[in-house]
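Here the structure comes first, spelled out in structure tokens, and everything after it is commentary.
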Number of protein chains: 2
Amino acid sequence: MLSKTCEYGIRATIFIALQSLMGMRTSLKYIAEEIDSPEAFTAKILQKLVRVKIIESSKGVNGGFNMASDRIKSTSVLDIVYAIDGYDICNRCVLGLSQCSSNNPCSVHHKFRPVREDLIALMNKTTVEEMALGIKDKLAILR
Amino acid sequence: MLSKTCEYGIRATIFIALQSLMGMRTSLKYIAEEIDSPEAFTAKILQKLVRVKIIESSKGVNGGFNMASDRIKSTSVLDIVYAIDGYDICNRCVLGLSQCSSNNPCSVHHKFRPVREDLIALMNKTTVEEMALGIKDKLAILR
DNA sequence: ACATATTCGGACACAAATGTCCTATTTTTT
DNA sequence: AAAAAATAGGACATTTGTGTCCGAATATGT
């Protein structure tokens with residue numbers, strides 16, 4: 001459903017949020033270990049999330065990544081997906097027809113629209129906070 | 001949502017079904033033109049669909065592809081997707097967690113299950129016949 | 001000031017998906 | 001029998017997604 005890049009991005013964000021909730025800043029190295037992702041690749045993904053200000057970074061000794069508490073509350077899965085994969089995911093025709101749209105729908109357009117919309121809505125209302133709190137007890141589950 | 005390979009496969013199948021409903025067998029060349037897909041690549045995809053007997057092929061002069069009417073009625077989008085991309089699509093965790101399952105769900109597992117199941121159900125009950133009849137008037141829409 | 005620890009960012013490397021080419025095989029027509 | 005028209009299938013090529021490496025920039029502690 002989502003690209004690996006997105007999956008890493010979401011998992012990393014959840015982990016950073018968890019650490020931030022405990023008042024801690026987290027290094028890339030630690031993040032990659034905990035979410036079981038390739039370190040350098042994860043770095044690229046986190047850069048993107050920093051640019052759109054979903055997370056914050058600081059360089060140097062004791063640097064790392066953290067997430068402001070208002071961002072933890074307000075950021076949705078969809079925000080992360082958009083930041084990483086772009087906005088196109090949702091607009092693609094099921095049959096890959098270039099002409100297909102609401103005006104000029106393919107033969108299954110209307111049937112698939114509700115499912116698609118449900119998915120978008122779900123991603124839009126699922127926040128980082130919710131995901132983080134959902135696993136607060138058992139930290140080691142992000143891998 | 002679906003791979004390009006699947007999209008080509010579905011569109012080709014719909015076109016073959018349309019032709020078969022009119023009692024005609026269709027050549028690869030014509031199919032690729034009509035659905036706007038790369039010819040040689042489409043050939044590979046059709047081979048897969050022939051192997052699982054969704055469509056039939058015959059070689060030689062006046063050869064080509066056709067679809068039996070019972071297949072047109074009984075084949076679903078899901079059948080085509082399974083034949084081309086395999087059975088794994090549906091079982092992957094949204095967060096890409098290797099451990100995630102019904103027994104040991106991730107923090108969003110239960111939230112996303114209904115949407116996922118709706119999508120599978122929808123693909124399962126959408127038949128080739130339905131898709132073909134949906135565009136019977138305006139043939140040139142499969143591109 | 002210097003050494004160290006960290007992110008940033010460009011260039012490169014590998015893998016998987018997508019696409020192409022060429023020959024073999026089969027069937028029909030002449 | 002030979003030529004032509006079509007699919008079958010292996011090998012190769014290109015593009016995109018995923019992943020690595022290394023030096024630059026920046027912040028902290030000594």
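Chain letters run A, B, ... following the sequence lines, proteins first and then strands; every chain starts at 1.
- Atom CD in A:E33 sits about 12 Å away from atom P in C:dT6, given to the nearest Å.
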Sub-3.5 Å pairs of nitrogen or oxygen atoms, protein against nucleotides 15-18 of chain C:
residue	atom	partner	partner atom	Å
C:dT18	OP1	B:K4	N	3.3
C:dT18	OP2	B:T5	OG1	2.7

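- Using a 4.0 Å cut-off on heavy atoms, the residues of residues 52-65 of chain B that approach DNA chain C are B:K59, B:G60, B:V61, B:N62, listed by number.
- Between A:R51 and C:dT7 there is no side-chain polar atom (N or O) within less than 4.0 angstrom of OP1 or OP2.
- Residues meeting the side-chain hydrogen bond (donor to acceptor under 3.5 Å, both in side chains) test with B:T42, sequence neighbours left out: B:S37.
- Taking each heavy atom of B:A12 and B:I31 in turn, the nearest pair found is CB-CG2, 3.9 Å.
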Checklist line | Pairing pattern in dot-bracket form [Watson-Crick, G-U; both distances under 3.5 Å; | = partner strand] for DNA chain C | finding: ||||||||||||||||||||||||||||||
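- The ring pair (Phe, Tyr, Trp, His ring centres under 6.0 Å) analysis of residues 79-123 of chain B, with sequence neighbours excluded, yields the pairs B:Y82-B:Y87.
- For B:K73, the salt bridge (Lys or Arg N to Asp or Glu O under 4.0 Å) partners at least two apart in sequence or on another chain are B:E129.
- Between A:I14 and A:L18 there is a side-chain heavy-atom pair separated by less than 4.5 Å.
- At whole-Å resolution of the value, NZ in B:K44 and C1' in C:dG19 are 10 Å apart.
- From the 5' end on, the contacts that DNA chain D makes with chain A at under 4.0 Å to a non-hydrogen atom open and close at D:dT18 to D:dG29.
- A:I31 has its CD1 atom 12 Å from the P atom of C:dT6, to the nearest Å.
- Residue pairs meeting the salt bridge (Lys or Arg N to Asp or Glu O under 4.0 Å) criterion with at least one member in residues 58-69 of chain B, sequence neighbours excluded, do not occur.
- Pairs engaging residues 39-51 of chain B under the salt bridge (Lys or Arg N to Asp or Glu O under 4.0 Å) rule: none recorded [sequence neighbours left out].
- Every pair tested for ring pair (Phe, Tyr, Trp, His ring centres under 6.0 Å) that includes a residue from residues 47-80 of chain A fails, sequence neighbours excluded, so the list is empty.
- Distance, B:L46 CG to C:dG19 C1': 15 Å, rounded to whole Å.
- Using a 4.5 Å cut-off on side-chain heavy atoms (C-beta onward), B:Y30 and B:Q19 make contact.
- Within 4.0 Å of B:K29, counting heavy atoms only, lies no atom of the nucleic acid at all.
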Listed pairs under 3.5 Å, donor-acceptor, residues 94-101 of chain B side chains, sequence neighbours left out:
residue	atom	partner	partner atom	Å
B:S101	OG	B:N103	N	3.4
B:S101	OG	B:N104	N	3.3

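- Looking at heavy atoms from C-beta onward, B:M1 lies in side-chain contact with B:L119 at the 4.5 angstrom threshold.
- For A:Q47 and C:dT7, the shortest distance from a side-chain N or O to OP1 or OP2 is not below 4.0 Å.
- Here the P atom of nucleotide C:dT20 and the CG atom of B:L28 are 12 Å apart, to the nearest Å.
- For residues 91-105 of chain A, the pairs satisfying salt bridge (Lys or Arg N to Asp or Glu O under 4.0 Å) are A:R92-B:E7, with sequence neighbours left out.
- No donor-acceptor pair closer than 3.5 Å links the side chain of B:R71 to the backbone N or O of B:A17.
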